[in-house]
Number of protein chains: 2
Amino acid sequence: MKLECATCPVRERAACAALSEEERAELARLGNSRSYERGETVFAAGDDLDACATLTHGLLKISHLDADGNERILSLVHPAGFVGEMFSPVANHDVVALAESKLCVFSRSEYEAAIDRFPALAKALLRRSAEDLFDARAQIALDAKQSAQAKVAHFLLAMAKAASDSPCHAAEEFELPLTRGEAGQLLGLTIETVSRQLGKLEKQGVIERTGARGIRIRDAARLEALGAG
Amino acid sequence: MKLECATCPVRERAACAALSEEERAELARLGNSRSYERGETVFAAGDDLDACATLTHGLLKISHLDADGNERILSLVHPAGFVGEMFSPVANHDVVALAESKLCVFSRSEYEAAIDRFPALAKALLRRSAEDLFDARAQIALDAKQSAQAKVAHFLLAMAKAASDSPCHAAEEFELPLTRGEAGQLLGLTIETVSRQLGKLEKQGVIERTGARGIRIRDAARLEALGAG
DNA sequence: CGTATGGTTGAGGTAATTCAACCTGTGTGG
DNA sequence: CCACACAGGTTGAATTACCTCAACCATACG
């Protein structure tokens, strides 16, 4: 499906935002819009990787299956995020939709040509990449030594921020887009530990659970303190 | 001190390798070579970041001090690595020399101008950044759920590879450039656990310890197996 | 209905942490 | 030259936070 940049919700934030109107129009001619259901695989590890994409709606996970068959979520991809490895012949990780998602998909060779043609695009991708690197390192810092409580608290805050429309403010009430199992894979915890920590946070009056996935934050300051520790 | 690209050991692998001879010469005029002793800080978190650099000799760590004063090593930087955040006004992390090190230092504004002038440089940085991101995610995967044994085994293999001259082959005998404490910060383990795991590996005949830091690998295959699990 | 998926809760085991003592080599100053 | 302090390292004992195993509940769906 042809791209419709005019109504794209990430037109100000995605890599292509660095381009002029004419340049963007040219790039748009190369791309197609594709939708994915929750659970659908966008790229599978080991695949020939001849495409890359910008996420416009939804949520993706980048995950890795280790030798024992355990899955670890390496990163979540939010709208305006870029996926696809430009410098590897095959995909290193799985990319799967966690929610109904829409992507602008480009052929890798054409996108690479576009990078050469539009220096601003290269710089914008460099910026995105730096952000991804920063996020990945934040995840490492979190993994470091923190208690399960801190990990879960931090996770809730991150999801609250992502659920909010405004980038600076966190949503007070929202639905988790991840199952307990997925949250566990993201945080390096078991399903049971995630569930217990949520229960503990609720008992402490920091959050309230509504249904299986609903979260309402009652004491954001407390949650923040737990997430930092 | 003026740069001497002709004798630079990373001239084939660093970002500047993507440039033509003339372009490289022009870039070289903008940079200075600086040396750092073990323990010296290259960039401190919170500093105005008006410089960036390529590591030519030695080893750096990128680390982060959390709210409780615990330090976590987010990444090691090996020769040909690039440090300095191009898109953040202040440094997010500390960068400290772990061994006697030499860097090509550039003013950030001048380097940024060079990126605009030389598209190949932007692309080379993008590639480096992608590699860093991949490494960071490998670290996340490692952190995931693995046992202390697996972490230490993996760490030893990584250090063996880094200690070797050839990129594909691992050194059989080498000196660890990190203290037990630093290794612990890198792996998310305590000093004692690192020490005990090394002792265990030695008792199993997988490695041999010579002095405080010397490591000889006796059974690389076994070490690899432990590092994967 | 019956099955499947996701979630919660409990009991018990274990690996890593914490706390603490001790060892070794290296420097520094009297 | 010895005494001492200090940083890095090892080792042991006790604790604990998380994992494992297992049962059970809720909701959705064919």
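When reading the values below, keep in mind they use all heavy atoms of this one structure, side chains included, and skip hydrogens, waters and symmetry mates. Below, chains carry the letters A, B, ... as their sequence lines are ordered, and counting in each starts from 1.
- Counting only residues at least two apart or in different chains, side chain to side chain donor-acceptor pair (under 3.5 Å) contacts with residues 210-221 of chain A comprise A:Glu173-A:Arg216, A:Glu208-A:Arg218.
- If you take CG of A:Asp68 and C1' of D:dT20, they are 16 Å apart, rounded to a whole angstrom.
- Backbone-only contact: B:Gln197 has heavy atoms under 4.0 Å from sugar-phosphate atoms and none from a base.
- Using a 4.0 Å cut-off on heavy atoms, none of the residues of residues 199-218 of chain B approach DNA chain C.
- At distances below 3.5 Å, not a single donor-acceptor pair connects side-chain atoms of A:Arg34 with backbone N or O atoms of A:Val105.
- Scanning for salt bridge (Lys or Arg N to Asp or Glu O under 4.0 Å) contacts around B:Glu131 gives B:Arg128, with sequence neighbours left out.
- The shortest side-chain heavy-atom distance between A:Arg209 and A:Ile215 falls under the 4.5 Å cut-off.
- Look at A:Glu182 and A:Arg38 and you find a salt bridge, because one of the NZ, NE, NH1 or NH2 atoms lies within 4.0 Å of a carboxylate O, short of that distance.
- Heavy-atom contacts of chain B under 4.0 Å fall on DNA chain C between two terminal nucleotides, which in 5' to 3' order are C:dA16 to C:dA20.
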Polar atom pairs between nucleotides 21-25 of chain D and protein, under 3.5 Å, N or O only, would you list them?
from   : atom 1 : to       : atom 2 : distance (Å)
D:dC21 : N4     : A:Glu192 : OE2    : 2.9

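- With D:dC18, D:dC19, D:dT10 as the candidates, the nucleotide lying closest to the side chain of B:Ser195 is D:dT10.
- Between the B:Ser33 side chain and the B:Lys2 main chain, no donor and acceptor come within less than 3.5 Å of each other.
- Between the A:Gln146 side chain and the A:Asp143 main chain, no donor and acceptor come within less than 3.5 Å of each other.
- Looking at heavy-atom distances under 4.0 Å, A:Thr179 makes contact with sugar-phosphate atoms alone, never a base.
- Closest non-hydrogen pair, B:Asn32 versus B:Leu3, comes out as C-CD2, 3.4 Å.
- With hydrogens and angles ignored, the 3.5 Å screen pairs no side-chain donor or acceptor of A:Ser88 with any backbone N or O of A:Ala91.
- A donor-acceptor contact shorter than 3.5 Å links the side chain of B:Asp94 to the backbone of B:Ala45.
- In this structure, the side chain to side chain contact (heavy atoms under 4.5 Å, CB included) partners of A:Thr7, at least two apart in sequence or on a different chain, are A:Glu4.
- In this structure, B:Leu189 reaches the sugar-phosphate backbone alone: every heavy-atom distance under 4.0 Å involves primed, P, OP1 or OP2 atoms, never a base.
- B:Gly184 comes within 4.0 angstrom of nothing in the nucleic acid, heavy atoms only.
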